[in-house]
Protein chains: 2
Amino acid sequence: MIPAPEPGLDAVFAALADPTRRAILSMLLEDDMAVTDVAEPFEMSLAAISKHLAILAASGLISQEKRGRVKWCKLEPDALKRASVWMQGFGQFEPVNLDAFEAFLEREFGPDP
Amino acid sequence: MIPAPEPGLDAVFAALADPTRRAILSMLLEDDMAVTDVAEPFEMSLAAISKHLAILAASGLISQEKRGRVKWCKLEPDALKRASVWMQGFGQFEPVNLDAFEAFLEREFGPDP
DNA sequence: CTCATATTCAACCGATCGGTTGACGATCGG
DNA sequence: CCGATCGTCAACCGATCGGTTGAATATGAG
């Protein structure tokens with residue numbers, strides 16, 4: 001029997017499949033950033049980065065909050081956690097070190113609000 | 001500075017982004033299977049499944065070995081492990097429970113040949 | 001008010017994706 | 001040998017992707 005598909009994973013993995021987007025995530029790991037600052041190190045247009053950020057936001061991997069005229073981008077590790085849960089637990093195996101991974105995320109990223 | 005891109009991850013995450021391919025991986029978790037048997041529960045052509053399997057093989061998530069006229073598909077957890085390593089360690093953080101995860105894979109899938 | 005900055009929108013482009021169909025090569029069984 | 005089975009190949013299709021440009025929309029600064 002085919003396992004029930006988890007539609008959220010499609011977007012998360014598709015978002016992770018692009019090296020530009022993974023680089024953006026790495027940058028956001030260090031700090032929240034404005035769209036323009038995210039775009040600065042890349043050799044592509046601001047509009048392209050804006051699209052990448054929209055894809056990341058749609059997948060849940062980041063959130064975006066507009067304060068004034070600048071839109072701040074913030075890493076959202078929950079989506080990454082879901083993908084990792086699938087990786088470790090897809091199939092019938094117990095997610096043995098899931099608790100440890102969650103603790104890792106808590107420690108690194110702070111408690112989820 | 002933008003982190004060096006890891007090209008293998010593109011293919012792995014792209015492969016994981018499709019629900020059909022994830023379902024195939026789940027099926028292969030239980031047992032090695034022939035292409036026709038993989039295709040059986042899906043409502044699409046054999047050629048489509050053959051393509052999906054080729055994509056999974058190109059990403060390294062599975063391997064295919066032709067014995068006689070049937071081609072056997074086998075899960076290759078190494079690629080999944082690489083992706084999981086990136087997830088837990090992307091950025092500068094130490095992969096705290098990577099060892100535990102590798103041990104988990106060893107236990108569940110057996111030692112790598 | 002005016003000008004600059006921050007970001008998105010809209011249209012467009014070539015490339016790739018996920019799927020189909022039909023023909024084809026290889027291999028097995030009788 | 002013959003016919004059925006296993007799997008891929010090739011061409012095609014519409015849809016989506018990743019990128020570009022140029023115009024448009026806020027918002028902030030002076």
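Just so it is clear: chains get the letters A, B, ... in the order the sequence lines come, proteins before strands, and each one is counted from 1.
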Practice task
Output the single nucleotide from D:dT8, C:dT5, D:dT20 whose closest atom is nearest the side chain of B:Val35.
Solution key: D:dT8
Handout entry: Among D:dG28, D:dA4, D:dT20, the one nearest A:Ser45 by side-chain distance
Key = D:dT20
Practice task
Group every Ile, Leu, Val, Met, Phe, Trp and Tyr by side-chain heavy-atom contacts under 4.5 Å, then state whether A:Trp72 and A:Leu56 land in the same group.
Solution key: no
Handout entry: Spacing between B:Lys66 atom NZ and C:dC28 atom C1', to the nearest angstrom
Key = 12 Å
Practice task
Would you mind reading off the distance between A:Leu46 atom CG and D:dG19 atom P, rounded to a whole angstrom?
Solution key: 13 Å
Practice task
Considering just the side-chain nitrogens and oxygens of A:Lys71, establish if one lies under 4.0 Å of OP1 or OP2 belonging to C:dT8.
Solution key: yes
Practice task
Using a 4.0 Å heavy-atom cut-off across all strands, classify B:Arg21 as base, sugar-phosphate, or nothing.
Solution key: sugar-phosphate
Completion exercise
Regarding the side chain of B:Met44, the nearest nucleotide among C:dA6, C:dT20, D:dG7 is C:dT20
Handout entry: Test side-chain contact (heavy atoms from CB on, under 4.5 Å) applied to A:Leu61 and A:Ile55, A:Ile24, A:Leu75, A:Val12, the passing residue
Key = A:Val12
Handout entry: Residue pairs fulfilling salt bridge (Lys or Arg N to Asp or Glu O under 4.0 Å) with at least one residue in residues 40-66 of chain A, sequence neighbours excluded
Key = A:Glu65-A:Arg67
Problem - Contact summary for B:Gly60 and B:Glu76, nearest pair of heavy atoms - result: O-CB, 3.3 Å
Handout entry: Within residues 49-59 of chain A, residues whose heavy atoms come under 4.0 Å of DNA chain C
Key = A:Ser50, A:Lys51
Handout entry: Where DNA chain C forms stems, i.e. three or more consecutive Watson-Crick or G-U pairs with both distances under 3.5 Å
Key = C:1-24 with D:7-30, C:26-30 with D:1-5
Practice task
Provide, to the nearest angstrom, the distance between the CG atom belonging to A:Asp18 and the C1' atom belonging to D:dC17.
Solution key: 9 Å
Handout entry: Residue whose nearest DNA chain D nucleotide is more 5′ - A:Gly68 or A:Ala48
Key = A:Ala48
Problem - C:dT7 base / A:Arg69 side chain donor-acceptor hit below 3.5 Å - result: no
